[in-house]
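Comments concern the structure below.
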Amino acid sequence: AMKEIISENLPVKPFVLPREEAMKLMKEKGEDYKAEHIEDLPPNEKISFYRQGEYIDMCRGPHVTHTKAVKAFKLTGISGAYWKSDSANKMLTRIYGTAFLSEEELKRHLEMLIEAEKRDHRKLGKEMELFMLSEEGQGFPFFLPNGMIIKNELIRYWRKIHEENGYREISTPIMLNRRLWETSGHWEHYQDKMYVSEIDGETFCIKPMNCPGGVLVYGSRPRSYKELPIKLGELGLVHRNELKGTLHGLFRVRAFTQDDAHIYMSRSQVKEEIANVINLIDSVYEKFGFSCTLELSTRPENSMGADEDWELAENSLKEALEQCGRDYSINEGDGAFYGPKIDFHLKDSLDRTWQCGTIQLDFQLPKNFDLYYIDEKGEKRRPIMIHRVCFGSVERFIGILTEHCAGCFPFWLATLQVKILTVTESAEDYAINVYEKIRKAGIRSAIDKRREKIGYMIREAQYKERVPFMVIIGEKEKSSGLISVRNRDTGKTENAVLEEFIEKALKLMDC
């Protein structure tokens with residue numbers, strides 16, 4: 001049917017109708033679900049449609065201008081979906097497909113999908129025992145011992161670079177009174193994503209983000225201009241009420257660790273601090289081999305604050321980007337409700353992009369909470385606030401990184417860094433001695449004393465456990481007092497002096 005439509009080269013023409021007329025048209029066409037969807041939209045909403053021959057569909061667009069522009073396509077999957085994601089409603093059928101301007105592009109895309117399936121972090125997470133998901137906690141991942149090694153190493157790295165860049169770490173409560181969220185504006189703009197509970201007859205909210213708690217820390221005592229900029233970092237566990245149908249491994253969850261930081265500064269410090277954050281986030285992505293593109297998101301319709309503040313905030317972000325010599329695109333109307341933002345879209349080894357880091361410039365929360373500092377003249381001044389994350393979500397970043405490196409984590413992150421493989425029983429004492437020295441040096445290691453073929457043991461360590469270095473011990477190594485080291489990434493095996501290997505491994509452990 002699609003081939004037929006493409007060959008007809010039908011024009012695809014847009015048109016717009018008022019809400020009532022749009023609803024009437026959909027009912028006439030027998031499109032009851034679409035008519036019901038239009039009913040849920042605001043009364044003054046105008047609905048855009050696209051006409052393709054006799055077929056009419058409501059869509060935001062854009063579309064190709066003629067069907068013949070679709071040169072190569074493939075239907076890729078089928079699934080069931082409850083109407084409005086509610087199991088009480090009817091089950092609908094969702095058909096997935098993709099289209100490209102050439103067969104070559106389609107072929108490359110399909111090859112990428114096959115590779116992506118092999119790298120699926122849910123599959124690798126299970127194989128490598130990193131994390132688990134349970135029906136008893138949908139959207140709430142369980143981290144297993146191996147996964148905690150990676151998570152803790154990422155947090156160690158985060159703490160190191162933030163200390164080097166003048167940040168001080170805080171921790172704020174996971175639940176706070178509804179009054180706080182009303183003052184911050186989250187209750188009005190974000191309450192459908194928030195979990196609530198009653199304490200002492202009052203409504204408390206489990207925090208969906210860390211910023212209001214951080215604001216209370218800043219406001220806990222008078223501040224001087226001499227302290228600015230104040231950089232407060234927080235690895236805070238946040239909870240968001242996501243729809244069940246949108247949950248996906250570690251990529252979309254209901255609880256995650258946000259590597260937040262908030263910078264409080266004067267107006268004269270804005271551009272410099274934004275530039276500092278851009279450079280910091282760049283260094284994080286370079287560490288993991290990601291390239292990235294930047295996007296400036298401007299004021300949304302549902303926003304708070306004065307026009308002049310938004311204009312100043314957007315111009316400050318633009319000037320900081322230009323000062324850093326960075327190219328960027330504009331994403332109109334996609335800023336946070338309290339301020340514009342710069343989003344970092346990192347590209348992985350399969351050329352997929354992920355939005356992780358963000359820098360948000362905020363004039364509103366300091367006003368809402370009446371934050372101030374005393375300037376050099378002894379007068380009260382309003383600080384400006386930056387919200388920013390590097391990983392975004394530690395859990396989601398682990399998922400992205402797992403797929404990016406296909407589970408072959410860099411040495412400092414690997415759950416098992418060295419595995420000693422014993423070839424003969426007679427060399428076992430020497431192998432145990434080697435293992436103990438490596439282990440005592442603080443390197444994550446294990447010894448395999450099974451009487452299996454060495455080829456099998458190497459394959460298991462290299463391709464299943466993805467161990468960076470395999471140390472092979474047999475009679476030859478025992479008699480020479482050396483070790484044979486196989487490198488996971490190169491596949492090469494070389495002789496080495498144990499002490500020199502340990503020294504080299506310890507240098508690789510430095511994050």
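Just the heavy atoms: all of them, side chains too, but no hydrogens, waters or symmetry mates, feed the values below.
Within 6.0 Å of CD on E45 lie more than 12 heavy atoms contributed by other residues, nucleotides or ligands. Within 6.0 Å of CD in E129 there are 12 or fewer heavy atoms belonging to other residues, nucleotides or ligands. Applying the 6.0 Å contact sphere to CZ of R179 captures no more than 12 heavy atoms from other residues, nucleotides or ligands. Within 6.0 Å of CD in E163 there are 12 or fewer heavy atoms belonging to other residues, nucleotides or ligands.
At a threshold of 4.5 Å between non-hydrogen side-chain atoms, the residues Y225 and E227 do not count as touching. At a threshold of 4.5 Å between non-hydrogen side-chain atoms, the residues C356 and H345 do not count as touching. Using a 4.5 Å heavy-atom threshold, the side chains of F344 and I359 count as touching. No side-chain heavy atom of L237 sits less than 4.5 Å from a side-chain heavy atom of F256. You'll find the side chain of H37 reaches within 4.5 Å of the side chain of M58, heavy atoms only. Taking the side chain as every heavy atom from C-beta outward, V196 and I206 never approach each other to under 4.5 Å. Inter-residue side-chain proximity for Q360 and L317 is flagged as unmet; no heavy-atom pair is nearer than 4.5 Å. When side chains are defined from C-beta on, N276 does not count as touching I263, because their heavy atoms never get closer than 4.5 Å.
Within the structure, salt bridge (Lys or Arg N to Asp or Glu O under 4.0 Å) contacts touching residues 321-332 (residues at least two apart or in different chains) are D282-R326.
Summarising the geometry, atom CG belonging to L247 is positioned 8.5 Å from atom CZ belonging to R252; distances are rounded to the nearest 0.5 Å. Here the CG atom belonging to L321 is positioned 6.5 Å from the CG atom belonging to L296, to the nearest 0.5 angstrom. Here E39 contributes atom CD and E20 contributes atom CD; the two are 8.5 Å apart, rounded to the nearest 0.5 Å. The distance from the NZ atom of K84 to the CG atom of D40 is 3.5 Å, given to the nearest 0.5 Å. Distance CG/N146 to CE/M128: 7.5 Å, rounded to 0.5 Å. Separating the CD1 atom in I278 from the SG atom in C324 is a distance of 4.0 Å, to the nearest 0.5 Å.
Of the possible polar contacts, none joining the Y82 side chain to the G245 backbone as a donor-acceptor pair under 3.5 Å is found. Side-chain atoms of D259 come within 3.5 Å of backbone atoms of C390 as a donor-acceptor pair (strictly under, hydrogens ignored). Listed for the E242 side chain is no donor-acceptor partner under 3.5 Å among the backbone atoms of G139. Counting only distance, with no hydrogens or angles, the side chain of E395 and the backbone of L250 share no donor-acceptor pair below 3.5 Å. Remark: side-chain polar atoms of R168 are not paired, donor with acceptor, to backbone N or O of K231 under 3.5 angstrom. For the pair K244 (side chain) and D86 (backbone), a donor-acceptor distance under 3.5 Å is absent. No donor-acceptor distance shorter than 3.5 angstrom exists from the side chain of H404 to the backbone of I400, with no hydrogens or angles considered. The backbone N or O of R396 sits less than 3.5 Å from a side-chain atom of S393, completing a donor-acceptor pair. Using modelled atom types, no side-chain atom of T358 and backbone atom of D343 make a donor-acceptor pair closer than 3.5 Å. The backbone N or O of I443 sits less than 3.5 Å from a side-chain atom of S445, completing a donor-acceptor pair.
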Audit row: R119, S349, side chain to side chain donor-acceptor pair (under 3.5 Å) steps and yes/no: CA-CA 11 Å; R119 294 166 177 251; S349 56; 3.1 Å; yes
L216 vs L180, test: side-chain contact (heavy atoms from CB on, under 4.5 Å). Steps then yes/no. CA-CA 9 Å; L216 293 183; L180 175 79; 3.8 Å; yes
Please determine whether side-chain contact (heavy atoms from CB on, under 4.5 Å) holds for the pair K507 and D510, giving the CA-CA distance in whole Å, both sets of side-chain angles, and the decisive distance to 0.1 Å. CA-CA 6 Å; K507 286 180 182 176; D510 183 15; over 6 Å; no
Kindly indicate, with the supporting measurements, whether the criterion side chain to side chain donor-acceptor pair (under 3.5 Å) is fulfilled by T183 and N368. CA-CA 6 Å; T183 303; N368 293 359; over 6 Å; no
Step by step, would you call I342 with E295 a side-chain contact (heavy atoms from CB on, under 4.5 Å)? CA-CA 6 Å; I342 298 170; E295 184 179 73; over 6 Å; no
Verdict with supporting geometry, E188 and Q191, side chain to side chain donor-acceptor pair (under 3.5 Å): CA-CA 6 Å; E188 179 185 351; Q191 66 172 288; over 6 Å; no
Using the rule given for side-chain contact (heavy atoms from CB on, under 4.5 Å), can you reason through M385 versus F363, listing the C-alpha separation, both sets of side-chain angles and the distance that settles it, and then say yes or no? CA-CA 6 Å; M385 184 177 176; F363 288 72; over 6 Å; no
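No close placement of the F369 and Y218 rings is indicated, their centers lying 6.0 Å or farther apart. Checked against the 6.0 Å centroid criterion, the rings of H387 and Y338 qualify as a close aromatic pair. Taking the ring centroids of F290 and W354, they lie at or beyond the 6.0 Å cut-off. For H186 and F337, the ring centers sit closer than 6.0 Å to each other.
With salt bridges taken as basic N to acidic carboxylate O contacts below 4.0 Å, none links R178 and E202. By the 4.0 Å N-to-carboxylate-O rule, E403 lies too far from K118 to be salt-bridged with it. Contact check on R159 versus E164 returns no salt bridge, with no Lys/Arg side-chain nitrogen under 4.0 Å from an Asp/Glu carboxylate oxygen. Using a cut-off of 4.0 Å between Lys/Arg side-chain N and Asp/Glu carboxylate O, K271 and E319 are scored as salt-bridged. Classification of R299 and E314 as a salt-bridged pair fails, no side-chain N sitting under 4.0 Å from a carboxylate O. The existence of a salt bridge linking R122 and D120 is confirmed by a sub-4.0 Å separation between a basic side-chain nitrogen and an acidic carboxylate oxygen. Ion pairing between a basic and an acidic side chain is recognised when a charged N comes within 4.0 Å of a carboxylate O; R381 and E379 show such pairing. Look at D309 and K367 and you find a salt bridge, because one of the NZ, NE, NH1 or NH2 atoms lies within 4.0 Å of a carboxylate O, short of that distance. Between R444 and E153, at least one side-chain N (NZ, or NE/NH1/NH2) sits under 4.0 Å from a carboxylate O, which counts as a salt bridge.
Counted by atom type alone, S266 and Q269 present one or more donor-acceptor pairs between their side chains at under 3.5 Å. A donor and an acceptor atom, one from each side chain of E234 and S171, are nowhere located under 3.5 Å apart.
Partners of W310 according to the ring-ring contact (aromatic ring centres under 6.0 Å, His included) rule, which considers only residues two or more places apart in sequence or in another chain, do not exist here. Looking at residues two or more places apart in sequence or on another chain, you find a ring-ring contact (aromatic ring centres under 6.0 Å, His included) between F131 and H121.
Under the 6.0 Å distance and 45° angle rule, R466 does not count as a cation-pi partner of F409. A cation-pi contact, defined as under 6.0 Å to the ring centre and within 45° of the axis, links K287 to W412. Taking the centre and axis of the six-membered ring of Y167, the NZ or CZ atom of R388 falls inside the cone set by 45° and 6.0 Å.
Relative orientation of the F100 and H109 rings is tilted, given thresholds of 30° and 60° on the angle between their planes. The aromatic rings of Y50 and H63 sit tilted, their planes meeting at an angle between 30° and 60°.
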